[in-house]
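All ligand and atom numbering here is 1-based and tracks the order in the structure.
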Amino acid sequence: MEERARSCLLRSKATLEQDIKASYLMDHMVSDGILTNDEESRVLGKPTRREQAAALLEVLLRKDNRAYISFYNALIRESYGDLANLLHRDLPLLSPEGERSFADGVSPSVQVILSEGGVPQRPVVFVSRPALLNLIREKLYRLQNTPGWVTVFGMAGSGKSVIAAEAIRDHALIKECFPGGVHWLSVGQCERADLLVRMQSLCFRLEQGQSSEASQRPPCSVEEAKERLRFLMLRRFPRSLLILDDVWDSSTLRSFDIQCRVLLTTRNRGLADSVSGEYFEVPVESGLDEEKGLEILALYVNGKPQKLPEQARSIVSECKGSPLVVSLIGALLREFPDRWSYYLRQLQKKQFKRIRKSSSYDYEALDQAMDASLQVLEPEHRDLYRDLSIMQNDVKVPAKVLSVLWDLELEEVEDVLQELVNKSLLFRDCNQRPYHYYLHDLQLDFLIEQNRDQIACSWLCLSPRVQRFTDRP
Ligand SMILES: Nc1ncnc2c1ncn2[C@@H]1O[C@H](COP(=O)(O)OP(=O)(O)O)[C@@H](O)[C@H]1O
Ligand SMILES: [Mg+2]
């Protein structure tokens, strides 16, 4: 265990011993895979509550960072918020390796629940955000005995979807609060017709394997879908969690106002005002702090944060710490390790034709990053990528669809996709077979913006490939 974490435990030892009930906390720590049953029994063998607490701390001090975090989480779950605060400042930063093995501690059964529920996997380059994560988990625990909403809000690219998925990748949380499972739905900015399609697919997913009514026809209106979902969530999947990712407007949200447990991500704060039931809010800061930003860059270039070139800090600050933008730049640097100054200059240039969006997101930084990513593509691939502007928000497509769009052999398409994924220009959902591909909504915004003039001009300006595709019935 890190020195800092150790000394914090030692410092707080007396207070902790006085207050905690070890048996409760150990339940969580055993299911996190931190304590063995033997260790638990030994602690419980002590005659008094206080001696048990002292014994638990003894065991803890001999363990690693993950133990500290697990203990901290257990305090939160058992409503020892004030004690958790004592430990909060010294929460260790887990190395990605450590974090990964911790996540692998998610039991196979929970793993199945997560992938059946369509929960996205963790991005390959990932840094932990323990304080934020714990905050979300703490709020989710409030839904243990009551339906309600946990809203994670923040600007685009701030890491909401990633952190929401991470929050439910937790064995104890799923077992204790959502034994009925989790159901992830990417909503995005959508018209009513799109919304209906999404609700239908959710109904379909929930009705699968339900023998008698398996052949039910899909609901034909949003209202009907809402009632169907209400029934399914109440009767078939009580105590399950619905995750609505990236909801834009309150009328969409009201279609899910069905007295269930919801984790919501949105850029739009206060959206949950429009629905009934308890709700809890968790803000996501738009940028990571410098250390985390550097950690991402370091992971991309396989180096240590301390050993990064001097430009690294300025790059993180030009990116405003946005996880999305830092990741885009990181992916570029992985490929061109001697371009630190070059990308920094690009970020600093700020010569943009585009009007700054009124949204709180710093579109300039993204444009710079996106533009830089596009410039390194071969011209042909750049054109193919631009064609993706006809993809819809949050719609994921298999390579086959793109082979129609691009009019290329499947194998060629797969090669191009691999390149785009490597450059963080495109995302791959490995939960689905065949793999599905999608753009981050910011990237889509960017492409649409870039293409808009041409599209407005005339059909003739569209590339022939897109024309062929859109002409199809
Ligand atoms: N904790 C993280 N560690 C590393 N990269 C991250 C992290 N969170 C987000 N990112 C990067 O930022 C991108 C955008 O994150 P996402 O969660 O989709 O943002 P949002 O949902 O807020 O728009 C991700 O695709 C990933 O590349
Ligand atoms: Mg998102």
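- A salt bridge between R382 and E419 is absent, with no side-chain N of the basic residue lying under 4.0 Å from a carboxylate O of the acidic one.
- Side-chain atoms of R261 do not come within 3.5 Å of backbone N or O of L241 as any donor-acceptor pair.
- Not one N or O of R129 is nearer than 3.5 Å to an N or O of ligand 1, by distance alone.
- Atoms of ligand 1 found under 4.0 Å from any heavy atom of G159 (numbered from 1 in listed order, with element): 8 (N), 9 (C), 15 (O), 16 (P), 17 (O), 19 (O), 20 (P), 22 (O).
- Using a 4.0 Å heavy-atom cutoff, S158 is listed among the residues neighbouring ligand 1.
- Residue contacts with ligand 1 leave out T265, since none of its heavy atoms falls under 4.0 Å from the ligand.
- Every N/O-N/O distance between F126 and ligand 1 stays at or above 3.5 Å.
- A salt bridge is absent between E223 and K226; no separation between the charged side-chain nitrogens and carboxylate oxygens falls under 4.0 Å.
- When the options L402, L384, D415 are evaluated for a side chain to side chain contact (heavy atoms under 4.5 Å, CB included) with L408, the one that passes is L384.
- With sequence neighbours left out, the ring pair (Phe, Tyr, Trp, His ring centres under 6.0 Å) criterion links Y435 to no other residue.
- Counting atoms of ligand 1 from 1 in the listed order, those under 4.0 Å from a heavy atom of F427 are 25 (O).
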Exercise. Step by step, would you call R228 with E207 a salt bridge (charged side-chain N to carboxylate O under 4.0 Å, His left out)?
Worked result: CA-CA 10 Å; R228 184 88 64 90; E207 280 164 351; 3.0 Å; yes
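- The distance from ligand 1 to the heavy atoms of I296 drops below 4.0 Å at these ligand atoms: 4 (C), 5 (N).
- Without hydrogens or angle criteria, D246 side chain to S186 main chain gives no donor-acceptor distance under 3.5 Å.
- Compare P123, P323, G293 by their heavy atoms: the one nearest to atom 10 (N) of ligand 1 is in P323.
- Look at S161 and the Mg ion (ligand 2): an N/O/S atom of the residue is under 2.8 Å from the metal.
- In this structure, G157 has a heavy atom closer than 4.0 Å to ligand 1.
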